[in-house]
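We count ligands from 1, going down the list as the structure has it; atoms in each ligand are counted the same way. All residue numbers refer to positions in the sequence shown, counting from 1. Predicted, not measured: the structure shown is a model, and the values here were computed from it.
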Amino acid sequence: MTESEDIEIVKKRLGRRSIVLVGLMGCGKSSVGKRLAFKLGLPFVDADDEIERAAAKSINEIFADHGEALFRDGERKVIARLLRNGPQVLATGGGAYMHAETRQSVRENGIAIWLRAELPVLMRRVMKRDTRPLLREGNPEATMQKLIEARYPVYAEADMTVESRDEPHDIIVAEILNRLAAPSTAQARTSQGAAPSRSVSVELGDRSYDVLIASGLLRDAGALIKARLGAVKCGVVTDENVARHHLATLEESLKAEGLFAGSIVMKPGEATKSFRDLATLSERLLELGLERGDLVVPFGGGVIGDLAGFAAGILRRGIRFVQIPTSLLAQVDSSVGGKTGINTPQGKNLIGVFHQPSLVIADTAVLATLPPRQMRAGYAEVAKYGLLGDAQFFAWLEANWQGVFGNNGPALTKAIETSVAAKAAIVARDETETGERALLNLGHTFGHALEAWTGYSDRLLHGEGVAIGMCMAFRLSENIGICPRGRADRVVKHLKAVGLPTKIGDIPGGRANAGELLKLMGQDKKVRGGKATFILVRDIGQAFVTREVVPETVKAFLGREIAL
Ligand SMILES: NC(=O)c1ccc[n+]([C@@H]2O[C@H](COP(=O)([O-])OP(=O)(O)OC[C@H]3O[C@@H](n4cnc5c(N)ncnc54)[C@H](O)[C@@H]3O)[C@@H](O)[C@H]2O)c1
């Protein structure tokens, strides 16, 4: 569709409603808003300017003379008045959308778009100006970080999220128009902005369970658990990052149903998947008084899911658990399928048990606070499902990936649902990985070796290793002549567009050595009889498992890959 066609559709869809831009100071509301209004032929209105005009004082003066509370009240009234004058593009102050009444009037009279930017981007833009009252005193960066923590979970209620990066604002405007004109946006709005809710069943006989996927599920976690698993006590396990943003909501929801036994907050990061932390955690879960019928509730990314799932698997010889995954990787992969475990100096995930959860609750809204790099890393696993067995899904991702990253929307829900359904189907056929489940390791043989080579450090996240590994699997398959030429390029093009690394040279710091990588591949737990297991491809969506690639071929291939 051309841009003018997009514009016509968007204008029709808006009717009398306004486009309301929300986000923190420095996210680009004014400059994006002005350009967007110009394209749509609508007036651009800056709520802060209107407030200044109404009060005949600058915002700084209103703050100084009357305090923040009075300012917020005035702001709420001005926005309610402006919203009655639609259609227009309305930029709101950073705190405006925090007001529940303002959110309600925006829902009734507009489409809210959150321009989401990362801390360094915001700081670079904001420090160029000095007019912001909230950043006047103390450490501006720490203040901004606090605002991010308090506000992002609320901004996530917007109808659409658009990443505001350091790129020309026209690109952001084009993305907004494109997404507002897309059919999925229309569907979302006709259901009063509610993101669709999905349920996928993992069929394992009497151990079958559901994976529930929707925006805002966290608030209902207590009721969902009680309805399905009874009046049980819940011991929540989380990490500091997730706790800071979301633990209060979960605790409240469990308390409201009388299910809350206590929360245990672990340090974030891969190092927590250790024997030492397992011991501490198991003892603390016992101290909470959890009995056989009760539940452990891992609430976090894959690290917390693997560790707390394992603890549940061995506590009192195995008690039930409900996964509430909070990273994209955990929502599409690690929370489903029952693999739990910890790391040892000998390697990753070498100690663990298969222990299936009784329920998985994936609230897509919590992803709003996930750092973008982690979001991209999780996306590698989403793309994996397309690449290993569903060419149509991969093509859909190529066309819709931006919607997937604009969280809280139908594209994100669809991507998660399709991924979970793919994993559920494979797990149902091969629960303990005697065959087909190995397909889920597409990109992992190379990826794990690269993770080990970088010392499981910040240089390479798991999903980034998988992204590079998948590109390598396609290149190797093309090299040995089993996959048509051009497929690897297509995979690389897509993952690059998303912002993922696609070759070893993309990993910062240090140059790899083919012999060393080959040795690390030999230490993978998927090695049998000295031969590494490879997942290769005949085409996009056609992966297969083989142990027939000779080490010499792999070594020569690795040499070429390092030089890429
Ligand atoms: N069991 C399985 O089948 C399986 C499958 C794939 C990966 N894994 C394991 O999963 C782990 C990786 O998982 P991960 O990528 O989720 O890592 P993670 O658990 O370390 O989470 C990534 C980071 O994001 C933070 N975070 C998570 N959710 C957040 C949120 N909503 N808001 C803000 N911050 C948030 C975490 O605190 C952490 O710093 C690895 O240990 C890997 O071995 C397991």
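Between the side chain of Asp239 and the backbone N or O of Lys267 there is no donor-acceptor pair closer than 3.5 Å. A donor-acceptor contact shorter than 3.5 Å is absent between the side chain of Arg320 and the backbone of Val296.
Closer than 4.0 angstrom to ligand 1 lie heavy atoms from Asp239, Asn241, Val242, His245, His246, Pro268, Glu270, Lys273, Gly301, Gly302, Val303, Asp306, Thr326, Ser327, Leu329, Asp333, Ser334, Lys339, Lys348, Asn349, Val366, Thr369, Leu370, Pro371, Gln374, Lys423.
Look at Arg373 and Asp458 and you find a salt bridge, because one of the NZ, NE, NH1 or NH2 atoms lies within 4.0 Å of a carboxylate O, short of that distance.
With 3.5 Å as the limit, one finds a donor-acceptor pair spanning the side chains of Glu251 and Ser263.
The ring-ring contact (aromatic ring centres under 6.0 Å, His included) analysis of residues 312-337, with sequence neighbours excluded, yields the pairs Phe321-His355.
Less than 6.0 angstrom separates the ring centroid of Tyr152 from the ring centroid of Trp114.
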